[in-house]
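Because only heavy atoms are used, hydrogens play no part in the values below, and waters and symmetry mates are left out as well, while side chains stay in. Atoms within a ligand are numbered from 1 in the order they appear, just like the ligands themselves. Small disclaimer: the values here were computed from a predicted structure and weren't measured. Residue numbers run from 1 in the order of the sequence given.
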Amino acid sequence: MAANPSHLEAVNPVVAGKIRAKQTIIQDKNNTKVSGLLIHGDAAIAGQGIVAETFTMSQLNGYRIGGLIHFIINNQIGFTTSPQYSRSAPYSSEIGKIVQSPIFHVNGDDPEAVVLASRAATEFRNTFKKDTLVDMFCYRKHGHNEGDEPSFTQPLMYQTIKKKKTVASIYAAKLISQEVVNTKQVDFIKDRIWSDLEKKFEKAKNYKLKTKSWMGGQWSGLSLAPKDPLRRGRTAESEKSLKEIGTKISQIPKGFNLHPKLEKFNKSRLTSIKSGKNIDWSFAEALAFGALLKEGYRVRLAGQDSGRGTFSQRHSVFYDQKSEERYIPLNHIAKNQKQFEVIDSFLSELGVLGFEYGYSLADPNTLVLWEAQFGDFANGAQIIIDQFIASSERKWMQMSGLVMLLPHGHEGMGPEHSSARIERFLQMAAEDNVQIVNCTTPASYFHALRRQIHRNFRKPLIVFTPKSTLRHPNNVSSISEFTGRSSFHRLIEDEIKNPKRIIFCSGKIFYELDDFRTKNNIKDVKIVRIEQIYPFPFDAIGDVILKHKESEILWVQEEPKNMGAWSFVKSRIRHVLVKNNLTKKVHYVGRRPAAAPATGISKRHSTNQQLIKELALKSSLKRVIKERSGVSFMKFKNLPKE
Ligand SMILES: Cc1ncc(C[n+]2csc(CCOP(=O)(O)OP(=O)(O)O)c2C)c(N)n1
């Protein structure tokens, strides 16, 4: 039984994902050993878009599970709403037709017919490996809940229902008339069922949650997260192994017609792995995946166009230019390696994220990642984020090691495609429910990914990922940052000693600030990158602040003031200051509050970006304080030249 939130139908793709994982674990290639049953209401199945998404995925590579059985308890009403207001189609089951599913309409007053229809549906699913539906026409005896008065809204229907005999008594009368049972036997069966239910009801009152009982099967050996804030895990990999992986994934089989640009791509990867220098973001990701596969963990990455990568950065699948044959280098690194499954998902966020979340529940030993094309599209999956990812450990003791990759950053591309809504993820973070990182180096990302598997607990990981800075010349790591005693660090501090000012920031703005600092030969401003924003690294930030008690402290972000991490970090940095008896403040530098995440005018974007850098690195504290509501180039008469 899947844990099911109140949001009707949201559980559908979660169930499908769980089934896919279970089938993969036991190598149920024909989908004969694991299947699922979804129970729907007639209003919900007709109304909720996630139903269509779950049907759409049912026949796709990467999502196929050999069909689900859908059972509609069609009581011909949705809370107080009649069918004519619930759907435009004649039947609530119409949605099944998008994959030509057979649909069995059956009278709920006839239990034998219901059993027959259900058996036929099951047999069809098992034979043809496709979704099937049973649409059981019935009625709801009382209101939506026991206290509701149904005749406020459906008076005629409820006059009829009141007069109707129950299904049990109709069926009992039929069986008695056929001399299959007698009245005494019917009463005996009824009593037995009632007393069984009563006993279980009483037992449920004393049910105590046992952590252990949730940690069985695939989860055995795992436990709840420790209090230790570092939680590093052993994530480094030997240089020899990384070189082996890096070399293997940058090669193609003989006779494979690789795109000429990808020959260069491979060549450059070979050069960097050989020299141990300039390992970029996507290469670091491939190395993280490769190391896990070699160690015996599966990796499953799904997202729109994830195989190639939205920014043409990943190229985890090569296509023969003559035959279009696919070659996935990560599946050719070692003899006993596990499988890398990379899926160009269909165009869904809600259903797809639900599926991957479900997968992660059933298999904690696969690194499961969902990638948004751009981070802002994650809001299409908000129900899965709120109802499952953020809250499921607290609500249901259900852990998940799911990774969400969300491209984020202001690059003058306009209000769309700029923001993964960092602020929303931070707002939902509490009680150690998720991990939110904004890595600024390939090695930091490498360790964050490997940490997901190499610790004995699981927590969802939200990663804000780069776009233009995928190729920033400084966004590279050396092999020593992946090997030996290297690990994930929640903060990255630069070498500046005795700074007049400390800038705390997170993510891609670091590179712009750093470039500006170098260009302007600024030597007294320290930049500290918060790589992990949640759980918030209070201790590490305290260490930096205490080392430089006299320094001014700024928070710098490129997002508008009502967005980004500011509203989350300000009270936390203040807390660190107060705790250490420091009376100074943390000051804001960034854009002023805005309705849309970014401007649609590229020039305005770059001017504001420039103002942020100037204010953060060159201006006096007095000026910073004056601009505390955020920069906006509209206010400046003499615009700086671009
Ligand atoms: C996504 C979502 N929207 C609204 C609700 C509130 N709600 C709960 S039950 C219900 C009616 C459901 O009707 P139907 O699907 O026919 O199922 P029934 O309760 O009749 O079995 C509604 C609107 C909800 N739980 N989930």
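Contact annotation for I77 and ligand 1: only backbone heavy atoms (N, CA, C, O) come within less than 4.0 Å of the ligand.
Expressed to the nearest 0.5 Å, how far CD1 of I69 lies from CG of D131 amounts to 9.0 Å. Rounded to the nearest 0.5 Å, atoms CD1 (I45) and CD (E9) are 6.0 Å apart. Once rounded to the nearest 0.5 Å, the distance linking CD1 of I19 with OG1 of T24 reads 11.5 Å.
The aromatic ring centres of H105 and Y91 sit less than 6.0 Å apart.
Each of the atoms 24 (C), 25 (N), 26 (N) of ligand 1 lies under 4.0 Å from some heavy atom of S6. For ligand 1, the atoms closer than 4.0 angstrom to any heavy atom of F79 are 11 (C), 13 (O). Here is the list of ligand 1 atoms found below 4.0 Å of a heavy atom in A44: 14 (P), 15 (O). Counting atoms of ligand 1 from 1 in the listed order, those under 4.0 Å from a heavy atom of A43 are 13 (O), 14 (P), 15 (O), 16 (O).
Cation-pi geometry between R300 and Y63 is met: the NZ or CZ atom falls under 6.0 Å from the ring centre, inside 45° of the normal. Under a cutoff of 6.0 Å and an axis angle of 45°, R421 and F425 do not form a cation-pi pair.
Not close to ligand 1: I73, with no non-hydrogen atom less than 4.0 angstrom away. At least one heavy atom of Q48 sits less than 4.0 Å from an atom of ligand 1. Ligand 1 is approached by H144 to a heavy-atom distance shorter than 4.0 Å.
Closer than 4.0 Å to atom 4 (C) of ligand 1 lies none of the heavy atoms of the protein. The protein reaches atom 10 (C) of ligand 1 closely, with a heavy atom under 4.0 angstrom from it. Of the protein's heavy atoms, at least one falls inside 4.0 Å of atom 1 (C) of ligand 1.
Looking only at heavy atoms of the protein, atom 12 (C) of ligand 1 is closest to L8 CD1, 3.8 Å. In terms of protein heavy-atom proximity, atom 17 (O) of ligand 1 is nearest to G41 CA, 3.5 Å. Looking at atom 16 (O) of ligand 1, its nearest protein heavy atom turns out to be D42 OD1, 2.7 Å. The protein atom (non-hydrogen) at minimum distance from atom 18 (P) of ligand 1 is N75 ND2, 3.7 Å. Of the protein's non-hydrogen atoms, the one nearest atom 13 (O) of ligand 1 is G78 CA, 3.2 Å.
Between H417 and F374, the ring planes are parallel. Angles under 30° get that label, and only those over 60° would be called perpendicular. Between H410 and H408, the ring planes lie perpendicular to each other; the angle is over 60°, past the 30° to 60° tilted range. Relative orientation of the Y357 and F388 rings is tilted, given thresholds of 30° and 60° on the angle between their planes.
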TODO: Determine, stepwise, if the pair S151 / E149 fulfils side-chain hydrogen bond (donor to acceptor under 3.5 Å, both in side chains).
DONE: CA-CA 6 Å; S151 52; E149 176 50 67; 2.4 Å; yes
